[in-house]
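Inspection log for the structure reproduced underneath, given as C-alpha cells.
Heavy atoms only: backbone and side chains are in, while hydrogens, waters and symmetry mates are out. Residues take their numbers from the sequence shown, with the count starting at 1.
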Amino acid sequence: MIVTGGGTGGHTYPALTTITTLRARLAETGTEPELLWVGVSDGLEAKIATRAGVPFKAIVTGKLRRSTNPRDLLRNLVDAFRIPFGVFQAAAIVGRTKPAVVLSTGGYVSVPIGLAARLFRVPYLLHEQTLSFGLANRILARVATRVLLSHQSSLDHVPARARERSVVTGNPIRPEILAGDRAKGLAAFGLDPAVPFVLVTGGASGARQINQMLTAVLPDVLPYCQIVHQCGNLDIAEMQQVAASLPPALAHRYRVLDFIHDEMPDLLAAADIVVARSGAGTVAELTALGKTCVLVPYPYSAGGEQRVAARTLAAQGAAVMLDGDEATPDHLRHILRSLLADPARRAAMAHAAAGYGRPDAADRVVAEILAVAARG
Ligand SMILES: CC(=O)N[C@H]1[C@@H](OP(=O)(O)OP(=O)(O)OC[C@H]2O[C@@H](n3ccc(=O)[nH]c3=O)[C@H](O)[C@@H]2O)O[C@H](CO)[C@@H](O)[C@@H]1O
C-alpha cells in the first residue's frame, strides 16, 4: 500500500493510526503489509513515517493559494510548474511499485499520487477528516475508488459524482486517546477530584482568541472550577504572568502550559468541560469520548471548515459554539458558569456529542482498505 497525505498533523496522524491498525489486523493472520509513505521532504509526515518504520519517499508538489496578493499569485505560478513534475515523480513511483491500493489522507502532496493511481488504474481510497471538503480532496474525489468520510453530514459536501462511492468511516484517532485515565489526569496536575475540571485547548499551535477571552474571565470562573489551559508557545510567557497575578486563593486552580504531550488522553478523560478550537482531530477526539464542549472555531480555517464543524455539533445540542460576535469574554463567562451549575445539561450535551463519535474509525478505514485491495 502506498500512503500519501501530510503537511499538517490533521492529515498525518489519521494516516499513522490507519497504518498501526492495519499492521495489527494483518499480524493476527501472521502477515505484514508492505508500505511506502509518499510525502514532501519538509512535512511532518517525513518524521512520522520514519519514526513508525515506514519507508518514505519525497516528491515535489504545489499549493494553490486562494488570494489575490501579488506574492501569492507569483508563488501559484511557480507551483503550477511544480505540480506536473510531482505527477511525473508520482507516476514513476506508482508504476515501479505497483501497489495493491493507495490511501490518501489529503493535503496538497496527495494530488500527484492520486492522479498517478488513476493513470495506472490502482485502487485509490481518499479519506477526508473535516466536515466540509478540502480543495485537494474535492479534485481527487472524482478519481477515487472509495471516498471515506469522517461525518455523516460530510456527504452533503461530496461532489455529486462521487457520492455513491462514499462511505462514512469516521476520522481515525490515536488509540491512546480512548484509553485515558481520569484519576491519573487529575493527579498529574495536582487537581482536586471534588471540583469540576475544565480543559482549555487551542489545538496544536494554541489559540490567541481563546487565551484572551479566558484571561478576562479567570477570576470569575475559578471559584467554581479548576482549569488546565494549553495556550500555544506564542502566548506562554504572557499567560504565565496572568497565572502569577491571580489572587492566591485561586492561583492553585489554574495551570497553564504551551503544549500537552503524553498527558492529553488522561486530561481529556478527566475533563468535565472542554473549551477548544474545532479542528478536525480535536472534534473527532471530543466526540469519540463524548465530552461536553464549548467550541470556538478558528475563523480563518480553509473553507471555514472549523465553523461548519462547530455549527453542526451545536445545532444538535452536542456543543456550544462561540463564534463571531459571540466569541467574547462575557459569553464565555456566562456559558461556563451555567454549564458548571448544571450537571444535567452537561450530561445531555456529552450524550449528544457521543452520538457523533466514531471510536472505531480506524477499524472501519482498514476494513475498506482490505476490501478494495482484495477486489483489485
Ligand atoms: C489553525 C488551523 O488551521 N487548524 C487546522 C489544523 O488544526 P490542528 O493542527 O490544531 O489539528 P486538529 O484539531 O485536527 O488536532 C489537534 C491534535 O493535537 C493534539 N494536541 C493538541 C494540543 C496539545 O497541546 N496537545 C495535543 O496533543 C490533539 O489531541 C489533537 O490530536 O488541522 C485540522 C485538521 O486538518 C484542521 O481542521 C484545523 O482547522
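- Counting all heavy atoms, side chain and backbone alike, Glu45 lies closest to Val40 at OE2-N, 2.9 Å.
- A distance of 11.5 Å separates CZ in Arg165 from CZ in Arg163, rounded to the nearest 0.5 Å.
- Scanning for salt bridge (Lys or Arg N to Asp or Glu O under 4.0 Å) contacts around Arg208 gives Asp235, with sequence neighbours left out.
- When all heavy atoms of Ala270 and Arg182 are compared, the pair lying nearest together is O-NH1, 2.6 Å.
- Here Asp330 pairs with Arg333 under the salt bridge (Lys or Arg N to Asp or Glu O under 4.0 Å) rule; sequence neighbours left out.
- In this structure, CD on Gln129 lies 13.0 Å from CD1 on Ile173, to the nearest 0.5 angstrom.
- Here the rule is side-chain contact (heavy atoms from CB on, under 4.5 Å) with Gln226, and of Val195, Val198, Leu250 only Val195 fits it.
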Taking it one step at a time, do Val54 and Val3 satisfy side-chain contact (heavy atoms from CB on, under 4.5 Å)?
CA-CA 10 Å; Val54 180; Val3 177; over 6 Å; no
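- Closest of all the heavy-atom pairs between Tyr254 and His229 is OH-ND1, 2.7 Å.
- Hydrophobic clustering (ILVMFWY, side-chain heavy atoms < 4.5 Å, transitive): Phe259 and Val256 are in distinct clusters.
- No continuous path of hydrophobic side-chain contacts links Leu44 to Ile113 [ILVMFWY only; heavy atoms under 4.5 Å].
- Ring-plane geometry between Tyr298 and Tyr300 is classed as perpendicular, the angle between the planes exceeding 60 degrees on a 0 to 90 degree scale with a lower cut at 30.
- Partners of Arg311 under the salt bridge (Lys or Arg N to Asp or Glu O under 4.0 Å) rule, at least two apart in sequence or in another chain, do not exist in this structure.
- When atom types are taken as modelled, the side chain of Thr17 and the backbone of Pro14 share no donor-acceptor pair closer than 3.5 angstrom.
- Here NE2 of His11 is found 15.0 Å from CG of Leu16. Values are rounded to the nearest 0.5 Å.
- Taking CD1 from Ile19 and CE from Met1, the interatomic distance works out to 5.5 Å, rounded to the nearest 0.5 Å.
- Pairs passing the side-chain hydrogen bond (donor to acceptor under 3.5 Å, both in side chains) check and including a residue from residues 257-285, sequence neighbours excluded, read Gln209-Arg277.
- Pairing each heavy atom of Leu199 with each of Ala271, the nearest pair is CB-CB, 3.9 Å.
- In terms of hydrophobic clustering, with Ile, Leu, Val, Met, Phe, Trp and Tyr side chains grouped at heavy-atom distances under 4.5 Å, Val38 and Leu126 are assigned to a common cluster.
- Side-chain heavy atoms closer than 4.5 Å link hydrophobic residues (I, L, V, M, F, W, Y) into clusters, and following such links, possibly through other members, connects Leu119 to Val109.
- Under a hydrophobic clustering in which Ile, Leu, Val, Met, Phe, Trp and Tyr are joined whenever their side-chain heavy atoms come within less than 4.5 Å, directly or via other members, Leu286 and Met349 fall into different clusters.
- Of the N and O atoms on the side chains of His151 and Ser154, not one donor lies less than 3.5 Å from an acceptor on the other residue.
- Between Ala144 and Tyr124, the shortest heavy-atom distance links the atoms CA-CD2, 3.5 Å.
- Checked by atom type, the side-chain pair Gln230/Thr201 shows a donor-acceptor distance below 3.5 Å.
- In Arg71, the CZ atom is not crowded: 12 or fewer heavy atoms of neighbouring residues, nucleotides or ligands sit closer than 6.0 Å.
- Between the Arg358 side chain and the Ala284 main chain, no donor and acceptor come within less than 3.5 Å of each other.
- Considering all non-hydrogen atoms of both residues, Ser166 and Leu155 come closest at CB-CD2, 3.9 Å.
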Show your reasoning for whether salt bridge (charged side-chain N to carboxylate O under 4.0 Å, His left out) applies to Asp363 and Arg25.
CA-CA 9 Å; Asp363 290 328; Arg25 177 65 52 80; 3.3 Å; yes
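- Under the salt bridge (Lys or Arg N to Asp or Glu O under 4.0 Å) criterion, Arg23 pairs with no residue at all, not counting sequence neighbours.
- Residue Val308 shares its hydrophobic cluster (ILVMFWY side chains chained together at separations under 4.5 Å) with Leu131.
- Between the CG atom in Leu370 and the CG atom in Leu22 there is a gap of 6.0 Å [rounded to 0.5 Å].
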